[in-house]
Amino acid sequence: MSATSASPLDIPGFTEQRISVDEGVSLSAAVGGSGSPVVLLHGFPQTRLMWRHVAADLAAEYTVICPDLRGYGASDKPAEVGPDTYSKRIMARDVVRLAAALGHRRFALAGHDRGALVAFRAAMDHPEAVSRALFLDVLPTLDMWDALQGVNGAVGFHLYLMAQAPGLPEEMVRAAADPFFSFFLDAWTKDPSALPQEVRRHYLEASAAAVDSIVADYRASAGVDVEHDTADRERGAQLEMPVTVMQQDWGAALGYHAEGLWKAWAPDLVHRTVSCGHFMAEEDPALVAGEIRALLRR
């Protein structure tokens, strides 16, 4: 484990920790504050920088840990040697090991988008480690695939593209990396000012440098992650800890009841529908930080 000052384009007042979590795999994390630990996991096509406002706010009361996930940002990007390399189970184990290396055997966990799927798996596999969980703007993997029906499912075209066998999806994304990743930053944002140009450029550069691992992450969600979630559903597994979900009203557009879907997995649930865009930690950081604090008081 090593510690250095965070780069200027990082979370103010935080230091960078680089921690080995698996053979040949280290995660880079920004760590700041003091108090009980909260781990924040970023989404696509982003890095830990998406938490800059929320993390700085929470650090007044808590120890806040913001890693770049395996395959993203400044963390290692191992080659996909099989379906498990980027399974949410392995990525969740990374997070639990990272927190333990920092001295935290039990912690609260919040995740956005891809990070929320990692957080879901961490909470399911490691209830002894995850005390509370907050999920931003996702459905669990099984419910997500079920919701993408008919022409309305076109909103998730990238899920189907990156679910394909290795080769073609990586080639297609790499050939048009800037317009591909820019599309999501534009389409999913209601307030473009929430993503200043230097932040946007960082996301685009970081994503272009991680095409293979990003595609592998998504491919896992059409394969091994479905297998793991199906096994949990069949055995009636549920999240044991208090859970908060914040999401846009995708259900109104795609025809599902989001709170009901989540309730089946998380009996102790608070569900919030928000009016901001997908990147809510940047568009309305006070709202997100407030919900995290409310969750930690439950």
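We count residues from 1, following the sequence as given. It should be emphasised that the depicted structure is a prediction, and the values quoted were computed from it without experimental measurement. The basis for the numbers below is simple: all heavy atoms, side chains too, and nothing from hydrogens, waters or symmetry mates.
- Closest approach of A237 to M124, counting heavy atoms only: CB-SD, 3.8 Å.
- Grouping the Ile, Leu, Val, Met, Phe, Trp and Tyr side chains by contacts below 4.5 angstrom, directly or via other members, places V38 with L102.
- Of all non-hydrogen atoms in T47 and G73, the two that sit nearest each other are CG2-CA, 3.9 Å.
- Between V130 and A122, the shortest heavy-atom distance links the atoms CG2-O, 3.9 Å.
- Contacts classified as side-chain hydrogen bond (donor to acceptor under 3.5 Å, both in side chains) and involving residues 183-192 (residues at least two apart or in different chains) are given here: D186-R200, D191-S193.
- The minimum heavy-atom distance linking A220 with P83 is given by the pair CB-O, 4.3 Å.
- Under a hydrophobic-cluster definition in which Ile, Leu, Val, Met, Phe, Trp and Tyr are linked whenever side-chain heavy atoms come within less than 4.5 Å, directly or via other members, L136 and L296 are assigned to the same cluster.
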Next on the checklist: Assess the residue pair E259 and T273 against the criterion (side chain to side chain contact (heavy atoms under 4.5 Å, CB included)); give the C-alpha distance rounded to whole Å, side-chain angles, the decisive distance to 0.1 Å, and a yes or no.
Outcome noted: CA-CA 9 Å; E259 184 174 1; T273 302; over 6 Å; no
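- Contact annotation: the side chain of L40 approaches that of I292 to within less than 4.5 Å [non-hydrogen atoms, C-beta and beyond].
- Rounding to the nearest 0.5 Å places CH2 of W265 at 5.0 Å from CZ of R233.
- Residues T141 and R121 have side chains that never bring a donor and an acceptor to within less than 3.5 angstrom of each other.
- Contact check for P140 versus L142: no side-chain heavy atoms found under the 4.5 Å cut-off.
- Taking a 6.0 Å sphere around CE of M241, one finds it holds more than 12 heavy atoms contributed by other residues, nucleotides or ligands.
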Checklist entry - Going through the checks in order, is the side chain to side chain contact (heavy atoms under 4.5 Å, CB included) test met by W262 and L139? => result CA-CA 7 Å; W262 271 108; L139 289 175; 3.9 Å; yes
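- Among residues at least two apart or in separate chains, side-chain hydrogen bond (donor to acceptor under 3.5 Å, both in side chains) pairs with a member in residues 23-34 are E16-S28, S28-R48.
- Under a hydrophobic-cluster definition in which Ile, Leu, Val, Met, Phe, Trp and Tyr are linked whenever side-chain heavy atoms come within less than 4.5 Å, directly or via other members, V25 and V224 are assigned to different clusters.
- In this structure, the salt bridge (charged side-chain N to carboxylate O under 4.0 Å, His left out) partners of R70, at least two apart in sequence or on a different chain, are D22, D94.
- Considering CG of L98 and CZ of R18, their distance stands at 11.0 Å, rounded to 0.5 Å.
- Taking all atoms of both residues into account, the shortest heavy-atom contact from V31 to F14 is C-CD2, 3.2 Å.
- Checking side-chain atoms of R97 against main-chain N and O of I19 turns up no donor-acceptor pair under 3.5 Å.
- A salt bridge does not link D212 with K77: every distance from a Lys NZ or Arg NE/NH1/NH2 to an Asp or Glu carboxylate oxygen is 4.0 Å or more.
- The CG atom of L195 lies 6.5 Å from the CZ atom of F279; values are rounded to the nearest 0.5 Å.
- A search for salt bridge (charged side-chain N to carboxylate O under 4.0 Å, His left out) contacts involving R132 returns nothing, not counting sequence neighbours.
- Criterion: ILVMFWY side-chain heavy atoms under 4.5 Å apart, direct or through other members. Under it, V270 and L261 are not part of a common hydrophobic cluster.
- Evaluation of the ring-ring contact (aromatic ring centres under 6.0 Å, His included) test over residues 83-113, restricted to residues two or more places apart or in two chains, returns H112-H278.
- The pair E170-R219 meets the salt-bridge criterion, with a side-chain N (NZ, NE, NH1 or NH2) lying under 4.0 Å from an Asp/Glu carboxylate O.
- The ring-ring contact (aromatic ring centres under 6.0 Å, His included) search around Y218 returns F44, H158, not counting sequence neighbours.
- By the 4.5 Å heavy-atom criterion applied to side chains, V95 and V21 are not counted as neighbours.
- K88 has a carboxylate O that lies under 4.0 Å from a charged side-chain N of D217, or vice versa, which qualifies the two as a salt bridge.
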Checklist entry - Can you check side chain to side chain contact (heavy atoms under 4.5 Å, CB included) on V173 and L161, steps first, answer last? => result CA-CA 9 Å; V173 174; L161 170 62; 4.2 Å; yes
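- In this structure, I90 is not a member of the same hydrophobic cluster as I214, with clusters built from ILVMFWY side-chain heavy atoms closer than 4.5 Å.
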Item to check | Stepwise side chain to side chain contact (heavy atoms under 4.5 Å, CB included) check, V226 with W145 | outcome: CA-CA 9 Å; V226 172; W145 288 115; 3.9 Å; yes
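- Judged purely by atom type and a 3.5 angstrom limit, W51 has no side-chain atom pairing as donor or acceptor with the backbone of I65.
- More than 12 heavy-atom neighbours from other residues, nucleotides or ligands sit within 6.0 angstrom of CD on Q238.
- Using a distance-only test at 3.5 Å, with no hydrogens or angles considered, a donor-acceptor pair links the side chain of R52 to the main chain of L49.
- In this structure R235 satisfies the salt bridge (charged side-chain N to carboxylate O under 4.0 Å, His left out) test together with D232, sequence neighbours excluded.
- Contact of the R114 side chain with the Q46 side chain is not registered, since no non-hydrogen atoms from C-beta on lie closer than 4.5 Å.
- Applying the ring-ring contact (aromatic ring centres under 6.0 Å, His included) test to every pair with at least one member in residues 23-43, sequence neighbours left out, gives these pairs: H42-Y72.
- Listed by chain and number, the residues in a salt bridge (charged side-chain N to carboxylate O under 4.0 Å, His left out) with R106 amount to none (sequence neighbours excluded).
- Counting heavy atoms from C-beta outward, F120 and D229 have side chains that approach closer than 4.5 Å.
- Sorted pairs that involve residues 230-254 and meet ring-ring contact (aromatic ring centres under 6.0 Å, His included), not counting sequence neighbours, are lacking altogether.
- Rounding to the nearest 0.5 angstrom, the gap separating the CG atom in L185 from the CZ atom in R201 is 10.0 Å.
- The backbone N or O of P127 lies less than 3.5 Å from no partner atom in the side chain of E240, so there is not a single donor-acceptor pair.
- Applying the ring-ring contact (aromatic ring centres under 6.0 Å, His included) test to F157 and every residue at least two apart in sequence or in another chain returns F183, F184.
- Residues L295 and P242 come closest through the heavy atom pair CD1-O, 3.7 Å.
- Applying the salt bridge (charged side-chain N to carboxylate O under 4.0 Å, His left out) definition to pairs two or more places apart or across chains, those involving residues 264-280 are D268-R298, R272-E291.
- Rounding to the nearest 0.5 angstrom, the gap separating the OG atom in S221 from the CG atom in L117 is 5.5 Å.
- Around atom CD of E171, no more than 12 heavy atoms belonging to other residues, nucleotides or ligands sit under 6.0 Å away.
- Expressed to the nearest 0.5 Å, how far CG of L58 lies from OG1 of T63 amounts to 11.0 Å.
- D57 has a carboxylate O that lies under 4.0 Å from a charged side-chain N of R293, or vice versa, which qualifies the two as a salt bridge.
- Between the side chains of S182 and D178, no donor-acceptor pair of N or O atoms lies under 3.5 Å.
- S75 places a side-chain N or O within donor-acceptor distance of the main-chain N or O of D68, the cut-off being under 3.5 Å.
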